[in-house]
> 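Quick one: structure below, then a few questions.
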Amino acid sequence: VQLQASGGGLVQAGDSLRLSCAVSGGAFSTYGMGWFRQIPGKEREFVAAIRWGGSTTFADSVKGRFTISRDNAKNTAYLQMNSLKVEDTAVYYCTVDRSSRNRTSSATVRPSSYDYWGQGTLVTVSS
């Protein structure tokens, strides 16, 4: 399974961005997908997840601003980020959970629940 994240860039506070994560190999429709972010020197932080059946989970810091979706026909997951803040600046990683059918929503926030990770895409939000 390979993941390719894209869509990062430099934006101003208040702007929007949509990240994409294209997955090749495996059975995408059965996977859960997650987005995490990381700032240098800090631990990877959960952002959002969408389980195989479509249920979603969000970090409190992004609730109401970010949405996560998936297109099983395109083997792609998306992270729509609206009302971006300077503190959203980070490298964003998408990730695959092959055991989504057996995963509770609460478990989707843990990096250990995921099996494959993309290379990351940088999002920089300026004030």
Side-chain angles (χ1 to χ4, degrees):
V1 176
Q2 293 186 322
L3 295 79
Q4 180 69 46
S6 61
L10 172 63
V11 297
Q12 291 189 325
D15 285 351
S16 298
L17 271 179
R18 188 177 79 158
L19 305 183
S20 299
C21 179
V23 178
S24 59
F28 179 81
S29 64
T30 69
Y31 295 158
M33 298 296 300
W35 288 95
F36 287 73
R37 65 188 181 188
Q38 190 169 24
I39 300 170
K42 292 195 173 184
E43 291 189 356
R44 198 162 290 189
E45 174 190 33
F46 171 76
V47 177
I50 183 166
R51 296 175 67 213
W52 71 277
S55 62
T56 58
T57 307
F58 295 93
D60 288 342
S61 59
V62 307
K63 277 181 184 175
R65 300 189 298 122
F66 290 12
T67 58
I68 187 171
S69 61
R70 62 190 300 154
D71 185 336
N72 289 341
K74 296 183 178 180
N75 288 359
T76 301
Y78 303 96
L79 183 69
Q80 177 67 43
M81 305 185 293
N82 299 328
S83 303
L84 281 161
K85 302 177 181 181
V86 172
E87 52 264 41
D88 294 320
T89 296
V91 177
Y92 284 72
Y93 297 89
C94 62
T95 183
V96 163
D97 174 12
R98 294 182 300 169
S99 302
S100 182
R101 293 190 182 212
N102 300 318
R103 194 81 66 194
T104 62
S105 293
S106 60
T108 62
V109 307
R110 297 196 291 259
S112 60
S113 294
Y114 297 89
D115 305 291
Y116 300 99
W117 294 80
Q119 84 288 358
T121 185
L122 176 62
V123 173
T124 304
V125 184
S126 64
S127 59

> Distance-only, no hydrogens or angles: does the T121 side chain make a donor-acceptor pair with backbone N or O of Y92 under 3.5 Å?
no

> Can you find a pair of side-chain heavy atoms, one from I39 and one from T89, that are under 4.5 Å apart?
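I39 does not reach T89 side chain to side chain.
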
> Can you find a heavy atom in the side chain of Y93 that is under 4.5 Å from one in the side chain of V91?
yes

> If I compare all heavy atoms of G8 with all of V123, which pair ends up nearest, and what's the gap?
CA-CG2, 4.1 Å

> Flag yes if I50 and V1 sit in one hydrophobic cluster, no otherwise; membership is Ile, Leu, Val, Met, Phe, Trp, Tyr, and two members link when side-chain heavy atoms are under 4.5 Å apart.
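Yes.
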
> Can you see which heavy atom on A107 is nearest to which on S113, and at what distance?
O-OG, 2.6 Å

> Out of E87, E43, E45, which one pairs with R37 under the salt bridge (charged side-chain N to carboxylate O under 4.0 Å, His left out) rule?
E45

> If Ile, Leu, Val, Met, Phe, Trp and Tyr residues are connected whenever their side-chain heavy atoms lie under 4.5 Å apart, and connections chain through other members, are V47 and F58 in the same group?
yes

> Which heavy atom of T30 sits nearest to which heavy atom of S100, and what is that distance?
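Reported closest heavy-atom pair: O-CB, 3.9 Å.
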
> Please confirm whether Y116 and Y31 have ring centers closer than 6.0 angstrom.
no

> Taking the side chain from N102 and the backbone from S99, do they hold a donor-acceptor pair closer than 3.5 Å?
no

> Which pair of heavy atoms, one from C21 and one from M33, lies closest together, and at what distance?
SG-CE, 3.8 Å

> Between atom OG1 of T67 and atom CG of L79, what is the distance when rounded to the nearest 0.5 Å?
7.0 Å

> How far does OG1 of T76 sit from CZ of R70, to the nearest 0.5 angstrom?
10.5 Å

> Can you say whether the rings of F36 and Y114 are parallel (under 30°), tilted (30 to 60°) or perpendicular (over 60°)?
perpendicular

> With rounding to the nearest 0.5 Å, note down the distance linking CZ in R103 to OG1 in T108.
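With rounding to 0.5 Å, CZ (R103) is 9.0 Å from OG1 (T108).
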
> Look at the side chain of Q119 and the backbone N and O of A5, then say whether any donor-acceptor pair between them is shorter than 3.5 Å.
yes

> Working to the nearest 0.5 Å, report the span between CZ of F66 and OG of S16.
9.5 Å

> Which atoms form the tightest heavy-atom contact between L17 and V11, and what is the distance?
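Smallest interatomic distance, heavy atoms only, reads CG-CG1, 3.7 Å.
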
> Quick one: pull up OG1 in T57 and CZ in R51 and give me the separation to the nearest 0.5 Å.
7.5 Å

> If you round to the nearest 0.5 Å, how far is CG of L19 from CH2 of W35?
4.5 Å

> Please give me the minimum heavy-atom distance between N72 and F28, naming the atom from each residue.
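In this case the closest contact between N72 and F28 is OD1-CE2, 3.2 Å.
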
> Answer yes when D88 and K85 have at least one side-chain N-carboxylate O distance shorter than 4.0 Å, and no when they do not.
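Salt bridge absent between D88 and K85.
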
> Just wondering, more than 12 heavy atoms not from Q2 lying within 6.0 Å of its CD?
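For Q2, atom CD is not crowded (no more than 12 foreign heavy atoms under 6.0 Å).
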
